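Predicted model, so just to flag it, every value in this text is computed and none were measured. Every chain is numbered from 1, with letters handed out A, B, ... down the list of sequences.
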Number of protein chains: 2
Amino acid sequence: MQPAPITSCSICRTVDRLSSVAAEAPPDGAHRPPVACSGCNLREICLPFGLSAEARERMDPLVGRRRSVRRLEPLYRTGDPFSSLYAVRTGFFKTCVTGASGRDQVTGFQMAGELLGFDGIGTALHTCDAIALEDSQVCVIWFDQLETLSRDSAELQHQIHKIMSREIVREHGVMLLLGGMRAEERLASFLVNLLHRLRLRGFSGSSMLLRMTREEIGSYLGLKLETVSRSFSKFQDDGLLEVRQRNVRVLDEAALRRVMHDATS
Amino acid sequence: MQPAPITSCSICRTVDRLSSVAAEAPPDGAHRPPVACSGCNLREICLPFGLSAEARERMDPLVGRRRSVRRLEPLYRTGDPFSSLYAVRTGFFKTCVTGASGRDQVTGFQMAGELLGFDGIGTALHTCDAIALEDSQVCVIWFDQLETLSRDSAELQHQIHKIMSREIVREHGVMLLLGGMRAEERLASFLVNLLHRLRLRGFSGSSMLLRMTREEIGSYLGLKLETVSRSFSKFQDDGLLEVRQRNVRVLDEAALRRVMHDATS
DNA sequence: CGCACTCTTGAAAGTACTCAAACTTAGTGG
DNA sequence: CCACTAAGTTTGAGTACTTTCAAGAGTGCG
């Protein structure tokens with residue numbers, strides 16, 4: 001790993017080792033993030049993905065500050081007033097809803113570049129918990145500012161709609177998984193999806209370190225933790241994976257995809 | 001039922017028995033709907049809900065036309081280019097996604113005042129099928145026009161975000177249902193939700209006519225049609241419902257809600 | 001009136017769950 | 001440094017639930 005220019009923020013006290021772009025001088029005393037969107041190394045997978053350089057630059061004043069969240073602490077909780085979206089900068093999150101009967105359901109896992117918080121727009125209150133699964137850092141995006149800005153930029157406006165639409169479509173995929181798949185199909189889908197997202201972020205993807213417990217995977221997949229564990233063991237026995245606790249090495253991705261699609265019914 | 005003023009549209013050939021507001025003269029020959037949003041009787045549950053009278057009026061040019069869809073025909077299909085959202089005016093729809101293995105999953109049922117089509121924004125192609133379950137009529141809302149208009153109206157802009165957010169939250173609820181509930185809890189949740197939405201539309205809600213088959217309910221709930229049927233029979237035996245095919249009378253809604261919440265685990 | 005479709009019900013099979021115990025790993029404090 | 005603890009994981013055995021397969025009944029349309 002090579003040394004990179006380090007910029008740090010005197011207010012949120014975060015240190016940015018990732019970007020080579022130094023922070024600009026804060027205008028009128030406002031707190032500015034160490035790195036603006038236009039210079040962020042996540043810009044191609046985060047909120048600004050695909051935007052023109054011009055539209056990206058317009059977003060720079062948007063990210064008000066960074067926020068650090070320690071492992072197992074909430075970024076927000078059900079019932080918290082909604083004011084902003086969050087872009088994961090480093091780390092890993094889960095979001096989960098709690099049913100009336102007290103049952104928890106993990107609705108998603110979010111990694112660098114992914115956005116959190118859309119659940120709160122409709123009621124102005126967050127409707128799920130967002131919990132960090134490792135020490136993490138997020139960019140805080142004030143939502144009313146995002147709306148204001150997007151009224152001046154059709155490109156940014158459409159971007160927001162696209163991202164929310166994709167979240168809806170993603171959830172359709174989860175419903176497909178929960179609605180009809182067998183345990184092993186579910187786990188295979190989950191792993192292939194994780195693999196895909198890791199590759200987008202430049203990881204080889206043959207080997208990965210799971211950030212969540214078997215129970216959290218199970219909750220997401222609608223399975224009990226024992227069933228998840230058994231499915232992992234099955235995949236290992238069949239030579240698809242090498243599993244050592246949370247270390248998973250994918251040995252036969254094609255077979256994994258086959259498991260995922262082969263609806264025996 | 002009392003006679004209401006009837007306005008009909010010479011282009012889409014639809015007849016509107018619901019509204020008492022007559023169509024205005026079409027400007028510059030453009031096709032105008034029989035009833036604009038500002039005068040629509042669904043305005044308090046549809047896209048304009050909660051908007052100021054002013055914002056509502058700004059929406060009037062938005063609804064380009066009406067479209068009729070016959071029972072079992074698609075409003076749109078997976079892969080169709082996305083150009084507009086649809087507001088259900090009369091009738092009933094289901095949306096369903098098809099997995100890679102050819103399995104279908106119903107992702108939702110939509111009734112009057114509810115919006116369809118958000119799935120298409122992200123990729124500019126629709127990612128699910130929307131099928132009419134009875135002869136239906138929708139208002140076509142050109143999406144680029146909606147975006148243009150919402151750049152001039154913070155209120156309308158926020159409305160779109162709210163509606164998409166609520167769709168995300170709704171799907172969280174479905175994930176909770178699919179992820180952890182037993183068959184009878186699922187069906188009870190489904191019925192209570194349907195009841196709620198019918199009441200919002202002014203129906204008594206003790207009695208309802210299901211528009212979908214047991215198989216479609218099962219697909220939505222992640223169950224086989226036989227299991228849905230058995231659960232209906234169970235509810236009837238227990239005196240919660242009176243079921244005659246698709247006619248369902250709710251006899252004990254409190255008990256139904258109890259079934260829904262009582263997580264034995 | 002008959003055919004097609006949908007719904008109901010029964011019996012058997014299969015899948016995931018529950019309960020329980022042993023094992024691994026990481027963190028803590030003596 | 002190591003024992004100890006707590007949390008997480010694996011595995012087994014028995015159970016509960018849903019599915020599958022099958023047959024029959026009800027409903028609606030041509």
About how many Å separate [atom2] of [Y] and [atom1] of [X], when rounded to the nearest 0.5 Å?
X         : Y         : atom1 : atom2 : result
Met181(B) : Met260(B) : CE    : CE    : 6.5 Å
Asp129(A) : Tyr76(A)  : CG    : OH    : 8.5 Å
Leu191(A) : Glu253(A) : CG    : CD    : 10.0 Å

| task | Using the closest heavy atom to pick a nucleotide of DNA chain C for each, name whichever of Met212(B) or Gly222(A) lands nearer the 5' end. | result | Met212(B)
Nearest-angstrom distance from the residue atom [atom1] of [X] to [atom2] of [N]:
X         : N       : atom1 : atom2 : result
Glu184(A) : dC17(C) : CD    : P     : 12 Å
Leu223(A) : dA16(D) : CG    : C1'   : 16 Å
Gln245(A) : dT25(C) : CD    : P     : 6 Å
Arg211(A) : dG8(D)  : CZ    : C1'   : 16 Å
Glu226(B) : dT6(C)  : CD    : C1'   : 12 Å
Arg182(A) : dT20(D) : CZ    : P     : 6 Å
Arg71(A)  : dG27(C) : CZ    : C1'   : 11 Å
Phe232(A) : dT24(C) : CZ    : P     : 19 Å

| Residue pair Leu210(A), Leu194(A): steps toward the side chain to side chain contact (heavy atoms under 4.5 Å, CB included) verdict | CA-CA 9 Å; Leu210(A) 302 176; Leu194(A) 222 50; 3.7 Å; yes
Using a heavy-atom cut-off of 4.0 Å across all strands, would you classify [X] as base, sugar-phosphate, or nothing?
X         : result
Thr213(A) : sugar-phosphate
Arg230(B) : base
Gly218(A) : nothing
Ser233(A) : sugar-phosphate
Leu225(B) : base

| request: Check whether the ring centres of Phe109(B) and Phe93(B) lie less than 6.0 Å apart, and answer yes or no. | output: no
| said: Over the length of the helix from dC1(C)-dG30(D) to dG30(C)-dC1(D), how much do the five-pair end axes diverge, rounded to 10 degrees? | reply: 40°
| message | Looking at Arg71(A), I'd like to know if its CZ atom is crowded, meaning that more than 12 non-hydrogen atoms belonging to other residues, nucleotides or ligands lie closer than 6.0 Å. | response | no
| field | Candidate list Arg89(B), Lys94(B), Arg197(B), test salt bridge (charged side-chain N to carboxylate O under 4.0 Å, His left out), partner Glu114(B), passing option | value | Arg197(B)
| Between Thr227(B) and dT19(D), does any side-chain N or O lie under 4.0 Å from OP1 or OP2? | yes
| request: Check whether any side-chain N or O of Arg246(A) sits under 4.0 Å from OP1 or OP2 of dT9(D), and answer yes or no. | output: yes
